[in-house]
Amino acid sequence: MTATALVREYLERVGGDVLEDAHYRSILGAMIRGHAGVYALYKDERLYYVGLATNLMGRVKHHLRDRHARRWNRFSVYLTSKGEHVKPIESLLLRIVDPAGNRVKGRLPGAQDLKRELNRQVSARQRKERARLLGDEGVQRRTRRKAAEARGSDALAGLIERRLSLRAEYKGKRYTASLRKSGQVAYGGHVYASPSAAGKAVVGRAMNGWHFWRFRRDGEWVRLRELRK
């Protein structure tokens, strides 16, 4: 089965003069009128504006007389296969290129900004490195205390350098999972925010994941709570 193309048809860097000529305008209109998609306006070769429209022909023509008039002289149009693709594409382009003519920055609803998580993990790594290099027992104690008091992935983030294998026994059956450097637990093809959430996925009820999961240390499988001590 052939996958549906995200962009069905496109027309790039066309001179805006074609919209002033009735004959060429009718040819272009037959191609794109009534189609939804993303369009871009250029001043010569420099990108000026990015937008979306359910009727590309009408929107581009409108820009000949609105606040963008005379600020562009070439345009591109991209006809999308499905209407729901239009807004995410436009938002992504706005965030990447930040055109001068756009007043609003593209929004990505439902998407998570990972910079805060990256900053948290970098800070945790730096604290550990500083304690190791300088032998700062106070920093080490504070790091362990913070981990002991935290919940979910926050309690485990920065405590390990690489993925850690976990296992648990329940009703005579063994279950395996892995602890990520972020503090999240991967089990059964899903990623959980805490050991307890991953444990609940196994037993089907709320439980203490710090007691449930074990990791291997010095040849023995010890409870995950030992990692915070």
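Ring to ring, His63 and Phe75 are not that close: their centroids are 6.0 angstrom or more apart.
Taking the side chain as every heavy atom from C-beta outward, Arg8 and His35 approach each other to under 4.5 Å. Between Leu224 and Glu226 there is no side-chain heavy-atom pair separated by less than 4.5 Å. Counting heavy atoms from C-beta on, the side chains of Val60 and Leu19 come closer than 4.5 Å. Side-chain contact between Val191 and Arg180: present, with at least one pair of heavy atoms (C-beta onward) separated by less than 4.5 Å. At least one side-chain heavy atom of Val202 sits under 4.5 Å from a side-chain heavy atom of Tyr187. Within the 4.5 Å cutoff, the side chain of Leu164 has no heavy atoms near those of the Trp213 side chain. Phe215 has its side chain within reach of Val222: a pair of non-hydrogen atoms, C-beta onward, lies under 4.5 Å apart. Between Val14 and Ser76, every side-chain heavy-atom pair lies at or beyond the 4.5 Å cut-off.
Taking a cutoff of 4.0 Å between a charged side-chain nitrogen and a carboxylate oxygen, Arg13 and Glu45 qualify as a salt bridge.
Once rounded to the nearest 0.5 Å, the distance linking CG of Leu28 with NZ of Lys61 reads 10.0 Å. Note: Arg174 CZ to Thr176 OG1 = 9.5 Å, rounded to the nearest 0.5 Å. Annotation: the span from Ser165 atom OG to Arg214 atom CZ amounts to 15.5 Å, rounded to 0.5 Å. One distance of note links CZ of Arg70 with CZ of Arg65; it measures 13.0 Å at 0.5 Å rounding.
In terms of heavy-atom proximity, Leu47 sits nearest to Pro99 at CD2-CG, 4.0 Å. Closest approach of Tyr192 and Ala201 over heavy atoms only: OH-CB, 3.3 Å. Considering all non-hydrogen atoms of both residues, Gly209 and Ser196 come closest at N-OG, 2.9 Å. Taking each heavy atom of Leu56 and Tyr78 in turn, the nearest pair found is CD1-O, 4.1 Å. Heavy-atom minimum distance, His23 versus Ser26: O-OG, 2.6 Å. The shortest heavy-atom contact between Met207 and Lys200 is SD-N, 3.8 Å.
With hydrophobic clusters built from ILVMFWY side chains whose heavy atoms lie under 4.5 angstrom apart, Tyr24 shares a cluster with Met57.
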Open item on the list: I'd like to know whether Trp221 forms a side-chain contact (heavy atoms from CB on, under 4.5 Å) with Arg167, so could you lay out the CA-CA distance, the side-chain angles of the two residues, the decisive distance to 0.1 Å, and finally the verdict.
Closed with: CA-CA 8 Å; Trp221 288 90; Arg167 80 179 190 187; 3.1 Å; yes

Open item on the list: With side-chain contact (heavy atoms from CB on, under 4.5 Å) as the criterion, how do Tyr42 and Tyr49 come out once you've worked through the C-alpha distance, each side chain's angles and the decisive distance to 0.1 Å?
Closed with: CA-CA 7 Å; Tyr42 297 84; Tyr49 184 85; over 6 Å; no

Open item on the list: Checking Lys173 against Glu169 for the side-chain contact (heavy atoms from CB on, under 4.5 Å) test, could you report, in this order, the C-alpha distance in whole Å, the side-chain angles of both residues, the deciding distance, and whether it holds?
Closed with: CA-CA 6 Å; Lys173 186 176 179 180; Glu169 304 282 343; over 6 Å; no

TODO: Could you give me the CA-CA distance, side-chain angles and deciding distance for Val203 and Tyr175, then say whether side-chain contact (heavy atoms from CB on, under 4.5 Å) is met?
DONE: CA-CA 10 Å; Val203 305; Tyr175 297 86; over 6 Å; no

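Side chain of Asn55 to backbone of Gly34: a donor-acceptor contact under 3.5 angstrom is found. Not one N or O on the side chain of Asn102 forms a donor-acceptor pair closer than 3.5 Å with the backbone of Leu94.
The aromatic rings of His68 and Tyr48 sit perpendicular to each other, their planes meeting at more than 60°, with 30° as the lower class boundary. Using cut-offs of 30° and 60° on the angle between ring planes, the pair Phe212 and Tyr170 is perpendicular.
Shown here is Arg46, whose CZ atom has no more than 12 heavy atoms of other residues, nucleotides or ligands within 6.0 Å.
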